[in-house]
Chemist: 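The structure follows.
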Number of protein chains: 2
Amino acid sequence: MMPLMAHAHTAREKARLLREAERVCAAAGEQFTPLRRQVFELLTQAHAPAKAYDLLAKLGGDAKPPTIYRTLEFLMKLGLVHRIESLNAFVACDVGACGRSTIFLICDRCGHAEEFDAGHALVDLGEAAARDGFEIKRTMIEATGLCAECKAA
Amino acid sequence: MMPLMAHAHTAREKARLLREAERVCAAAGEQFTPLRRQVFELLTQAHAPAKAYDLLAKLGGDAKPPTIYRTLEFLMKLGLVHRIESLNAFVACDVGACGRSTIFLICDRCGHAEEFDAGHALVDLGEAAARDGFEIKRTMIEATGLCAECKAA
DNA sequence: GCACGGTACGTTATCTTGTCACGTAGGATG
DNA sequence: CATCCTACGTGACAAGATAACGTACCGTGC
Ligand SMILES: [Zn+2]
Ligand SMILES: [Zn+2]
Ligand SMILES: [Zn+2]
Ligand SMILES: [Zn+2]
């Protein structure tokens, strides 16, 4: 793993995400409890998608699996956190809280996962599926390859 | 689960996939052994993505996990089988052997997963990522929602 | 025939990932 | 203060996946 990467969250950026999370949470009429905050902070600090059991270990003490899975589920419900299916790992949302459809570019080499806007790709897919009679509710797109930094190196 | 669905493989369709698999395998200079054939057949018969341990059980006898994972890995290497990451499950490829990038529409209700051609969505995504400096090698797209049959019902 | 190397598969153990069921603490409401 | 709800703790376990090593078999070259 690279020591530090260009897209690491700065302290300023992290603070912004936290404020945004508080806002989203309040708007949803939900509580941003210390546990939820701690897990979310751990995710904003991570330089790559975090595994559930690694987060669990970082909670310290003797937290058990349901603790972390419940918390992640909550954060995902609000759109603050996304699950990367192909890695069985989790990332804080870049933009506060997105809709149900996310796109990630995952670097094979450094492990970084970049949340991405694919323009009309999603719309096109939805329309193509609809022509087939399929009604899409949620789309997961995970692409692997080489990020700009790793390609340069 | 529905008793039968429009896209269930007919005996004829299944035979076609088997012949195609033999061909692909031979072309790759690999062996289509009885075990590989059996696993592939189980997958062509399944009406929904199959779990590794379920396949393992259907192999009968006392097969152990590495048996099924090795076999699935082999079939995936040839593109004959795809893994659906969001389900931790496997499906036989509809078209014989596709490239590294697949699209699935997964019905929440009946569990069916339909392999799909999204036209230019993939190309657009690749181009958009490239503008960001990211070089995509493989793309996984999994959309969930309601299939035509389930929507009608 | 027989040593050799390669592929496929068996076997054991272990690790990682995720869920179920139930219990408790604390705040809000009446 | 009884009641309800949400969050969280806890123990047990199920499900998913891999590591490491051993064996059987088949072909090649001698
Ligand atoms: Zn997001
Ligand atoms: Zn990279
Ligand atoms: Zn395919
Ligand atoms: Zn359906």
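In what follows, chains carry the letters A, B, and so on, assigned in the order in which the sequence lines appear, proteins first and then strands, with residues in each chain numbered from 1.
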Chemist: Starting at atom NZ of A/K64, determine the distance to atom C1' of C/dG23, rounded to an integer number of angstrom.
Modeler: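 So the two atoms are 14 Å apart, to the nearest Å.
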Chemist: Could you tell me the separation between the CG atom of B/L35 and the OG1 atom of B/T67, rounded to the nearest 0.5 Å?
Modeler: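 Reported to 0.5 Å precision, the distance equals 6.5 Å.
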Chemist: Send over the distance from B/K51 NZ to D/dA17 C1', rounded to a whole Å.
Modeler: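 Roughly 12 Å, once rounded to whole Å.
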Chemist: Does anything in residues 67-85 of chain B come within less than 4.0 Å of DNA chain C? Heavy atoms only, and list the residues if so.
Modeler: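 When residues 67-85 of chain B is checked for heavy atoms under 4.0 Å from DNA chain C, the hits, listed by number, are B/T67, B/R70.
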Chemist: Quick one, B/I84 and B/E142 - any side-chain contact, counting heavy atoms below 4.5 Å?
Modeler: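 Yes - at least one pair of side-chain heavy atoms lies under 4.5 Å apart.
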Chemist: Any chance you could list the contact pattern along nucleotides 25-30 of chain C? Use B for base contacts, S for sugar-phosphate-only contacts and - for none, protein heavy atoms under 4.0 Å, 5' to 3'.
Modeler: ------
Chemist: Any side-chain N or O of A/T33 less than 4.0 Å from the OP1 or OP2 oxygen of D/dT6?
Modeler: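 It does not, given that no N or O in the side chain of A/T33 lies less than 4.0 Å from OP1 or OP2 of D/dT6.
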Chemist: Give the nucleotide from the list C/dT12, C/dA8, C/dG18 with an atom nearest to the side chain of A/A52.
Modeler: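 It is C/dG18.
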Chemist: Check the distance between D/dG16's P and B/L87's CG and give it to me in whole angstrom.
Modeler: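 About 11 Å, once rounded to whole Å.
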Chemist: Please report the interatomic distance SG(A/C150) to CZ(B/F134), rounded to the nearest 0.5 Å.
Modeler: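 Going from the SG atom of A/C150 to the CZ atom of B/F134 covers 9.0 Å.
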Chemist: Given atom CG of A/L55 and atom P of D/dC8, what is their separation to the nearest angstrom?
Modeler: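 So the CG-P distance, A/L55 to D/dC8, works out to 15 Å.
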Chemist: Any chance you could lay out the side chain to side chain contact (heavy atoms under 4.5 Å, CB included) test for B/M140 and B/T102, step after step, and finish with the verdict?
Modeler: CA-CA 6 Å; B/M140 175 224 90; B/T102 52; 5.5 Å; no
Chemist: Polar pairs (N or O, both sides) under 3.5 Å between protein and nucleotides 24-26 of chain D?
Modeler:
none

Chemist: Atom CG of B/L56 and atom C1' of D/dT18: how far apart are they, to the nearest Å?
Modeler: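 Atom-to-atom, B/L56 to D/dT18, this comes out as 14 Å.
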Chemist: Under 4.0 Å between a side-chain nitrogen and a carboxylate oxygen: does that hold for A/K151 and A/E149?
Modeler: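 No, this pair does not count.
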Chemist: Should A/F40 and A/C93 count as side-chain neighbours, where that means a heavy-atom distance under 4.5 Å?
Modeler: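 A side-chain contact under 4.5 Å is absent here.
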Chemist: Hey, are B/E30 and B/K77 close enough for a salt bridge, meaning a charged N less than 4.0 Å from a carboxylate O?
Modeler: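 Answer for the salt bridge query: yes.
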Chemist: Are A/D132 and B/E114 close enough that some pair of their side-chain heavy atoms sits under 4.5 Å apart?
Modeler: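 A/D132 reaches B/E114 side chain to side chain.
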Chemist: To the nearest 0.5 Å, how far apart are OG1 in A/T144 and CG in A/L87?
Modeler: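 Here the rounded value is 9.0 Å.
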Chemist: Before giving the answer on side-chain hydrogen bond (donor to acceptor under 3.5 Å, both in side chains), spell out for B/E85 and A/S86 the whole-Å C-alpha distance, their side-chain angles and the decisive distance to 0.1 Å.
Modeler: CA-CA 5 Å; B/E85 302 284 354; A/S86 60; 5.6 Å; no
Chemist: Provide, to the nearest angstrom, the distance between the CG atom belonging to B/L35 and the C1' atom belonging to C/dT7.
Modeler: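 It is 13 Å, rounded to the nearest whole Å.
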Chemist: Phosphate oxygens OP1/OP2 of D/dG16: is one of them under 4.0 Å from a side-chain N or O of A/N88?
Modeler: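 Checking A/N88 against D/dG16: no side-chain N or O falls below 4.0 Å of OP1 or OP2.
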Chemist: I'd like to check A/H47 versus A/H112 (side-chain heavy atoms, cut-off strictly below 4.5 Å). Are they in contact?
Modeler: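 A/H47 vs A/H112: side chains apart.
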Chemist: Select from B/E30 and B/P65 the residue whose nearest nucleotide in DNA chain C is closer to the 5' end of that strand.
Modeler: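 Comparing both residues, the 5'-ward one is B/E30.
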Chemist: Look at the side chain of B/Y53 against the base of D/dA17 and say whether a donor-acceptor pair falls under 3.5 Å; ignore hydrogens and angles.
Modeler: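 Flag set: donor-acceptor pair detected.
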Chemist: Would you kindly give the CG-to-P distance between A/D62 and D/dC8, to the nearest whole Å?
Modeler: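 Taking atom P of D/dC8 as the reference, CG of A/D62 is at 15 Å.
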Chemist: Take A/V81 and A/V91 through the test side chain to side chain contact (heavy atoms under 4.5 Å, CB included) and record every step on the way to the result.
Modeler: CA-CA 6 Å; A/V81 162; A/V91 290; over 6 Å; no
